[in-house]
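All heavy atoms count here, side chains included; hydrogens, waters and symmetry mates do not. Order of the sequence lines sets the chain letters (A, B, ...), proteins ahead of strands, with each chain counted from 1. On a predicted model such as this, the values are computed, not experimentally measured, just so you know.
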There are 2 protein chains.
Amino acid sequence: MHNQAELAYRRLRERLIAGRYNPGDRLTELGICEDLGMSRTPVREALRRLQSDGLVASTGRGVVVSSLSEEDMRHATDLQGALEALAARLAATAQRDGHLSPAQMRQFEAAGRHVEERGAAGDVEGTWKANLDFHMMLARLSGNPLLEDALERIWARFSIVSRSNISRRTRLNAVHHAMIVRAISEGDPEAAACAAADHAREASITYSRNLASGD
Amino acid sequence: MHNQAELAYRRLRERLIAGRYNPGDRLTELGICEDLGMSRTPVREALRRLQSDGLVASTGRGVVVSSLSEEDMRHATDLQGALEALAARLAATAQRDGHLSPAQMRQFEAAGRHVEERGAAGDVEGTWKANLDFHMMLARLSGNPLLEDALERIWARFSIVSRSNISRRTRLNAVHHAMIVRAISEGDPEAAACAAADHAREASITYSRNLASGD
DNA sequence: GCCATACGTTATGTATACATTGAGTGCAGG
DNA sequence: CCTGCACTCAATGTATACATAACGTATGGC
């Protein structure tokens, strides 16, 4: 589809995920219309979809970029943990049963290495993107479109909040990612699920600790 | 909110969940406009939200009520299993830590009994509604709004497909529901998660067996 | 000097007109 | 009788005009 409404949705979503807007920023329909050069109808549609995604929130008068409280973050990471454990389990099962192509596994391994590499280079933005890629690829490998969609939603929400905590987690991520990759490539569903759950749990703990130590 | 768009969304969603439309039925904007007595703008908005919920699907020209293939159903139940296991775990943890009111637990127990009772009475429609209530209450008890939302979406999707398989599961449901209720009321997170996961797994197996035996 | 109220501005909610695209149909030719 | 093409019609995509509600502001009374 290449209609205006779809275009507006994609562009706004991309901007939000890229962190171009900050949580709490107010978005007005007319402002966006002017910005994107289209009328209110498709813009409204895009905003409603973003609202349904939880990326923006209604305020009675217009929408604002969603901000996640510490509690929201905990809820999101709880959900993420369960979803990624399932994704890892399904991916490992698929690998075990020979339903994953070698090319897919290679790409996944490469994604894991890429996160590590960007982290080592001290590239915060690149690390975040690579991390996102890694987790999206995991979601994809699960072979479950609903699960993939749910994980995309969660990660989109993560993306609009501060990324400052990412850099400190690099070393930990590398170990966890490697464990997930290994368990999946070996076709071990239980180990994969555990590794994914551990990863999410650790990330959640590290996040709250970083918050406590003053953002 | 009591605007037209919200009203249209709620009414259409209710109809879909009540099974008033059948999977594959075509919905036209103008038809709904006439039906609900409003203009296309709020109707369009409602349809887009339903599309985002996965209850209707775009066909290039208009939307149709979503139909779930056997594979879709498997994906949905996989996801449901993981989500309900988490919900049960969180609910049991909350109960263990004294964050659940006695009134909530009583309501939840009553919901479980109500499913059993409707099932014993041979009331297929009532059993389905009671079952939905039970699972929605479980989602609520988790205390995680994101999780609750995700489960609402899943169950809404279940609701638009045939319910003929529900009646045969009554006895099994009763046992599983009782196990979930008990584990939560005792504040045992692991047992609750296992019971919920088992329930989903069993339901999924029963469903495919019913399909195989000719709907 | 401060608070309350009334007004103007602005943004959203809704309706409708116009443009566009795709599907169904009927007719003609083979 | 079947097939292919063109045409009609209907439904969606988009723009815009109008209605309405909320926010900020200014003014007047206390």
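- Within the structure, ring pair (Phe, Tyr, Trp, His ring centres under 6.0 Å) pairs that include any residue of residues 34-91 of chain A do not occur (at least two apart or interchain).
- Legend: residues meeting side-chain hydrogen bond (donor to acceptor under 3.5 Å, both in side chains) with A/D78, ordered by chain and number and at least two apart, are absent.
- Applying the side-chain hydrogen bond (donor to acceptor under 3.5 Å, both in side chains) criterion to B/D123, with sequence neighbours excluded, gives B/R118.
- Atoms CD (B/E45) and C1' (D/dT14) sit 15 Å apart, rounded to a whole Å.
- A/L47 has its CG atom 8 Å from the P atom of C/dT12, to the nearest Å.
- Rounded to whole Å, atom C1' of C/dT14 lies 15 Å from atom CG of B/L36.
- At C/dA15, one or more side-chain N or O atoms of B/S39 fall inside 4.0 Å of OP1 or OP2 (strictly under the cut-off).
- A/D53 and A/Y9 share a side-chain donor-acceptor pair at under 3.5 Å.
- Residue-to-nucleotide proximity on DNA chain D shows that, of B/L30 and A/M38, the 5′-proximal contact is made by B/L30.
- Evaluation of the salt bridge (charged side-chain N to carboxylate O under 4.0 Å, His left out) test over residues 82-97 of chain A, restricted to residues two or more places apart or in two chains, returns A/R89-A/E190.
- Comparing A/G37 and B/G62, the nucleotide of DNA chain D nearest to each residue sits closer to the 5' end for B/G62.
- Residue side chain A/T28 does not reach the base of C/dA11 through any donor-acceptor N/O pair under 3.5 Å, judged by distance alone.
- Shown for residues 4-14 of chain B: residues whose heavy atoms fall under 4.0 angstrom of DNA chain C, namely B/Q4, B/A5.
- Rounding to whole angstrom units, CG of residue A/N3 and C1' of D/dT12 are separated by 10 Å.
- The side-chain hydrogen bond (donor to acceptor under 3.5 Å, both in side chains) test applied to A/R140 returns A/E148, not counting sequence neighbours.
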What side-chain donor-acceptor pairs closer than 3.5 Å can you find for residues 102-114 of chain B, not counting sequence neighbours?
residue, atom, partner, partner atom, Å
B/Q104, OE1, B/S101, N, 3.1

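- Atom-to-atom, CG of B/L27 to C1' of D/dT12 comes out at 14 Å; the value is rounded to the nearest Å.
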Please list each protein N or O that sits under 3.5 Å from an N or O in nucleotides 18-21 of chain C, with the distance.
residue, atom, partner, partner atom, Å
C/dT21, O2, B/R61, NH1, 3.0

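- The side-chain hydrogen bond (donor to acceptor under 3.5 Å, both in side chains) test applied to B/T59 returns no partner, not counting sequence neighbours.
- The nearest whole Å value for the distance from the CD1 atom in B/I32 to the C1' atom in D/dT12 is 12 Å.
- Checking C/dA11, D/dT16, C/dT14 against every side-chain atom of A/R26, the shortest atom distance belongs to C/dA11.
- When each of D/dA15, C/dT12, D/dT12 is scored by its nearest atom to the side-chain atoms of A/P42, the top-ranked nucleotide is D/dA15.
- Atom CD in A/E34 sits roughly 15 Å away from atom P in D/dA15 (whole-Å rounding).
- For the pair A/E29 CD and C/dT10 P, the computed distance is 16 Å after rounding to whole Å.
- The existence of a salt bridge linking B/D149 and B/R153 is confirmed by a sub-4.0 Å separation between a basic side-chain nitrogen and an acidic carboxylate oxygen.
- A sub-4.0 Å separation between OP1 or OP2 of D/dG13 and a side-chain N or O of B/R48 is present.
- Between B/E6 and B/R10 there is a salt bridge, since at least one side-chain N of the basic residue sits less than 4.0 Å from a carboxylate O of the acidic one.
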